[in-house]
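Some notes on the structure that comes next.
Chain A is the first sequence line, chain B the second, and so forth, proteins listed ahead of strands; every chain is numbered from 1.
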2 protein chains.
Amino acid sequence: MKPITIEDVARLSGVSRGTVSRVINGSQNVNSETRKKVLEVIEKLGYRPNQSARRTAGGRSSTIGIVIPMIGTEFYERLIKSMEEKLRAQWYTMMLFPVLKRDWLSKVMMHDIPNSDAAGMFLCSFDIERLFSSFRKPFEGPTVLVDSYSPLYDSIYIDNELGGYLVGRKFSHLEGSTHVIMMQEYIDSGFWPVFNSRFKGFQKALLENGKSLPHRNVHSYDFSWSAGALAARDIFDNDRPPFNIFAMSDLYAFGVMREAQLRGLRIGRDVKLVGYDDQSVARDWGITTVRQPIEEMGEKAVDLMFKRLERPGKEVESLCLKPEIVERESA
Amino acid sequence: MKPITIEDVARLSGVSRGTVSRVINGSQNVNSETRKKVLEVIEKLGYRPNQSARRTAGGRSSTIGIVIPMIGTEFYERLIKSMEEKLRAQWYTMMLFPVLKRDWLSKVMMHDIPNSDAAGMFLCSFDIERLFSSFRKPFEGPTVLVDSYSPLYDSIYIDNELGGYLVGRKFSHLEGSTHVIMMQEYIDSGFWPVFNSRFKGFQKALLENGKSLPHRNVHSYDFSWSAGALAARDIFDNDRPPFNIFAMSDLYAFGVMREAQLRGLRIGRDVKLVGYDDQSVARDWGITTVRQPIEEMGEKAVDLMFKRLERPGKEVESLCLKPEIVERESA
DNA sequence: CTGAAAGCGCTTACAG
DNA sequence: CTGAAAGCGCTTACAG
């Protein structure tokens with residue numbers, strides 16, 4: 001069974017292919033009677049225009065690609081959802097390219113994306129300059145950086161240094177020992193360095209208030225549910241309360257919380273705890289945390305894309321969003 | 001700056017477009033000298049074939065679409081990763097279509113997918129028959145159902161009834177009161193009913209052992225980190241230990257665990273607890289759970305797709321995978 | 001408002 | 001092994 005083409009629609013409507021094309025593309029220059037007739041036939045036949053053909057014939061693509069480093073986290077779920085919402089309102093289709101393995105990064109960048117026929121591309125959380133020292137620029141069309149920054153591209157990101165600073169300022173007036181749990185970031189990782197920025201801001205605030213953070217109070221772990229508990233075990237075993245712990249992800253904070261409770265330490269009193277991200281787990285368990293305006297970032301990213309699509313030659317624009325502390329019981 | 005076309009390559013190589021095309025498509029019928037020359041020019045120019053044009057000219061698409069109901073969970077992260085791994089080995093590109101809002105389901109099915117130019121389509125966790133009573137079949141090409149079943153399509157899924165049954169059998173020899181925490185499933189939701197199947201199997205095992213489950217011992221909640229704790233609170237307040245709790249997701253199980261510890265109930269003794277999914281949180285916190293062979297499901301799904309791509313007319317094939325209990329400290 | 005026609009960048013028999 | 005040519009399903013000036 002052959003697919004239905006514009007030719008079939010034209011024949012049954014008694015008009016030319018050109019007219020059908022005009023109807024499909026919403027041209028004003030079609031008699032409303034004709035349009036109605038054509039639309040009827042389209043409906044009856046179940047005709048869908050072949051997108052590949054439209055594009056090779058010079059029509060605009062209406063898909064937008066999004067590259068993200070992972071799925072399976074609340075952060076990207078929320079980000080993607082807010083972006084898709086806005087994209088759909090303008091009839092764009094979203095195509096997701098998750099880079100689920102480090103090895104795939106070059107394949108996604110050099111192969112999948114150039115072939116994707118997207119009108120534009122969002123690149124999320126990657127450090128594009130580091131990426132393009134090893135990769136050829138993969139995509140000629142409009143590119144918007146989300147959750148990262150480069151002077152060469154439109155971009156929107158959240159001020160991680162400020163996030164860390166806010167927590168540091170809060171902690172600098174507290175009694176007791178101060179600890180940080182973070183993820184180790186490698187220079188060659190290709191990711192926008194969020195943890196290091198948070199750390200920088202945190203340390204800056206402490207220094208401003210005459211406090212310093214011993215190197216041994218910085219705990220680096222991988223990213224997992226148990227990491228926070230392991231770190232907490234280490235902290236509780238080798239130091240004395242009260243503890244002030246900045247867990248740079250709610251995941252970590254949660255592990256700390258659990259370990260503390262097992263030991264009878266009171267969260268909010270013996271242990272002051274601040275997480276990061278305001279994930280549902282922080283809301284559910286009363287963890288003070290740093291909220292990132294994820295949805296706002298997604299929406300404004302789409303705005304940047306639309307502007308760029310309209311005026312490809314316009315000057316590069318960059319937006320920086322502010323995080324804020326959400327006070328709960330844990331600190 | 002105009003994109004480089006096959007014409008440019010042909011001209012600079014001193015051959016015809018046809019020959020360049022043969023080189024691109026790996027045809028054997030090209031003199032190796034000619035091929036070398038053409039390849040050089042391609043490299044030098046940085047030429048990339050226009051995929052849209054290839055497809056409209058009758059070439060095969062090498063992208064595969066995957067529709068999933070959500071991102072942000074470990075289940076889909078693992079599933080997608082295992083599928084992409086196999087797809088990439090055969091030079092296919094994966095395009096993800098998450099359906100992040102219920103309203104978008106029809107748009108994704110009727111618009112995005114038909115336009116996606118995919119050679120084949122995976123549909124994950126949706127109840128396709130219920131879907132297609134309201135939607136026209138969106139996609140003519142090879143379709144493989146993953147994590148759901150229909151006699152009309154190739155499919156692979158995990159035996160949820162068995163999963164529930166295994167837990168039920170384990171619980172039927174235990175002293176104390178038995179409770180279930182699950183998600184309420186609505187008939188019109190369009191999702192493959194996994195919780196109901198688990199419940200069915202669970203109840204069956206209890207009945208076989210002469211036990212019954214009072215209706216009030218079934219606790220339905222939405223899907224969140226706090227739901228398990230809320231359910232546990234309800235259970236602990238209104239019943240007496242020992243408790244046997246089947247939390248049909250590790251997320252729920254985790255909430256139960258925390259609430260129990262806050263009350264000084266000993267997990268594994270006062271509270272026997274079984275989760276579902278073997279997520280990292282279950283591994284990290286010692287929760288007995290039902291492991292689903294997610295990666296195996298992903299890989300075999302891709303096998304089904306390849307078979308179907310090769311022989312579009314072959315008989316429909318259906319695979320059912322078995323879950324198993326992972327024993328840990330909690331039960 | 002509409003049709004005829006050229007063109008988009010490819011692929012693929014066909015003939016040699 | 002290769003070129004010339006027809007064709008894929010569309011779009012878009014152009015002319016009327």
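Contact check for Asp8(A) versus Leu45(A): side-chain heavy atoms found under the 4.5 Å cut-off.
A donor-acceptor pair under 3.5 Å is formed between the side chain of Ser82(B) and the backbone N or O of Leu79(B).
Interatomic distance, Lys37(B) NZ to Thr19(B) OG1, rounded to the nearest 0.5 Å: 14.0 Å. Between the CE atom of Met83(A) and the CD1 atom of Ile294(A) there is a distance of 12.5 Å, given to the nearest 0.5 Å.
If you measure from atom CD of Gln28(A) to atom C1' of dT2(C), you get 16 Å, rounded to the nearest angstrom. Computed from coordinates, the Arg17(B) CZ to dT12(C) P distance equals 14 Å when rounded to whole Å. Here dA4(D) presents its P atom at 14 Å from CD1 of Ile6(B), a figure rounded to the nearest Å. For Ile24(A) and dC10(D), the CD1 to P distance is 7 Å, given to the nearest whole Å. Atom pair Asn25(A):CG and dT11(D):C1' shows a separation of 7 Å (rounding to whole Å applied). Atom CD of Glu7(B) is separated from atom P of dC8(C) by 10 Å (rounded to the nearest Å). The CZ-C1' distance, from Arg54(B) to dG9(D), rounds to 18 Å in whole Å. One interatomic measurement links the two molecules: CZ of Arg11(B) to C1' of dG3(D), which rounds to 17 Å at whole-angstrom precision.
Nucleic acid contact class of Ser21(A) (heavy atoms, under 4.0 Å, all strands): base. When heavy atoms are screened at a 4.0 angstrom cut-off, Asn29(B) is found touching base atoms of the nucleic acid.
For the OP1/OP2 pair of dC10(C) and a distance below 4.0 Å, the side-chain nitrogens and oxygens of Tyr47(B) include at least one atom meeting the criterion. The side chain of Asn50(B) places no N or O atom within less than 4.0 Å of a non-bridging phosphate oxygen (OP1 or OP2) of dC8(C). The shortest distance between the side-chain N/O atoms of Thr56(A) and the OP1/OP2 oxygens of dG9(C) is not below 4.0 Å.
Tyr76(B) and Ser125(B) share a donor-acceptor pair across their side chains, judged by distance under 3.5 Å alone. A side-chain donor-acceptor contact under 3.5 Å links Asn25(A) and Arg54(A). Side-chain atoms of Ser52(A) and Thr56(B) form no donor-acceptor pair, as typed in the model, at a separation below 3.5 Å.
Remark: Lys44(B) NZ is loosely packed, at most 12 non-hydrogen atoms of other residues, nucleotides or ligands lying under 6.0 Å away.
In this view, Phe306(B) and Tyr92(B) satisfy the ring-ring contact (aromatic ring centres under 6.0 Å, His included) rule, not counting sequence neighbours.
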Only Watson-Crick and G-U wobble pairs with both distances less than 3.5 Å should count. Give DNA chain C in dot-bracket notation, marking inter-strand partners with |.
|||.||||||||.|||
Enumerate all atom pairs, one protein N or O and one N or O from nucleotides 13-16 of chain D, separated by less than 3.5 Å.
unit_1: dA13(D); atom_1: N6; unit_2: Arg22(A); atom_2: NH2; d: 3.0

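Mapping Thr19(A) and Ser52(A) onto DNA chain D by nearest heavy atom places Ser52(A) closer to the 5' end of the strand.
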